[in-house]
Amino acid sequence: MALHSLVRVRNMKTGTTLLRNIKTGTTLLARCQSTVTMADHGSAHTKQKPKPLSEMPSPPAWPIVGHLPIMMKKENQVKLDKMFERLREEHGDIYRLYVPGQGNMVILFRPEDIKTMYASDGKIPKLPGFNMFEFIRKTSMKDRYTTAGLINNTQDWYDVRHKVQQ
């Protein structure tokens with residue numbers, strides 16, 4: 001799979017990060033973290049101050065439904081990679097989309113920006129959806145699990161991750 005067929009999508013409401021193959025629509029990586037997006041439109045060596053979400057480039061959005069009409073167009077659903085590439089040409093390597101139920105998503109294309117985002121990760125990233133697993137492991141499956149392990153948003157996650165990464 002070519003690197004240029006991958007796009008990183010960041011949902012600002014839930015904090016979710018998706019690494020997607022835009023040609024097939026397959027999600028390769030889903031992760032959440034707190035981050036600061038670098039808005040570097042110059043050379044790779046020049047860093048600018050992060051832009052607030054409200055100042056990020058974005059296609060015109062409808063009230064309430066945001067960019068849902070763009071995402072729902074049949075030609076965009078069939079060729080999602082072309083839609084993201086067209087928006088990239090119009091708005092640059094970093095832009096924002098809003099979809100109801102998902103919230104604001106920051107779209108990144110350049111590996112340097114993705115690296116900056118992951119480098120800004122907090123000590124314990126917020127991983128939505130893990131609350132359910134954590135609840136199950138601590139209640140109905142507590143006889144099988146002493147902790148929720150890597151499937152939680154607590155210090156337990158950090159402790160296990162820290163030990164594994166050494």
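Worth saying up front: this structure is predicted, and the values here are computed from it rather than measured. Computed over heavy atoms, backbone and side chain alike; hydrogens, waters and symmetry mates excluded.
- Rounding to the nearest 0.5 angstrom, the gap separating the CZ atom in R137 from the CZ atom in R144 is 10.0 Å.
- Using cut-offs of 30° and 60° on the angle between ring planes, the pair Y95 and F109 is tilted.
- A donor-acceptor distance shorter than 3.5 angstrom exists from the side chain of H67 to the backbone of Y98, with no hydrogens or angles considered.
- Judged by distance alone, the side chain of N76 and the main-chain N or O of I70 form a donor-acceptor pair under 3.5 Å.
- In this structure, the side chain to side chain donor-acceptor pair (under 3.5 Å) partners of Q155, at least two apart in sequence or on a different chain, are D159.
- Checking side-chain atoms of S58 against main-chain N and O of R96 turns up a donor-acceptor pair under 3.5 Å.
- Two residues are said to be in side-chain contact when any heavy atoms from C-beta on lie closer than 4.5 Å; P52 and E55 meet this criterion.
- The line from CD of E90 to CD of E85 is 11.0 Å long, rounded to the nearest 0.5 Å.
- Both L108 and M56 sit in one connected hydrophobic cluster of ILVMFWY residues. Membership requires side-chain heavy atoms under 4.5 Å apart, directly or through other members.
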*asked:* Pair L87, I107 - check side-chain contact (heavy atoms from CB on, under 4.5 Å), show working.
replied: CA-CA 10 Å; L87 291 172; I107 315 299; over 6 Å; no
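- Rounding to the nearest 0.5 angstrom, the gap separating the CD1 atom in I136 from the OH atom in Y145 is 10.0 Å.
- Salt bridge present: E134 and K138 bring a charged side-chain N and a carboxylate O closer than 4.0 Å.
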*asked:* Applying side-chain contact (heavy atoms from CB on, under 4.5 Å) to M71 and M83, what does each step give before you reach the verdict?
replied: CA-CA 8 Å; M71 303 293 283; M83 179 200 72; 3.6 Å; yes
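- Between H162 and Y158, the ring-plane angle classifies as parallel under the 30° and 60° cut-offs.
- Taking CZ of R88 as the start and CZ of R110 as the end, the distance is 8.5 Å to the nearest 0.5 Å.
- Partners of K142 according to the salt bridge (Lys or Arg N to Asp or Glu O under 4.0 Å) rule, which considers only residues two or more places apart in sequence or in another chain, do not exist here.
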*L97 and F84: side-chain contact (heavy atoms from CB on, under 4.5 Å), yes or no, with the steps?*
CA-CA 11 Å; L97 294 177; F84 278 111; 4.2 Å; yes
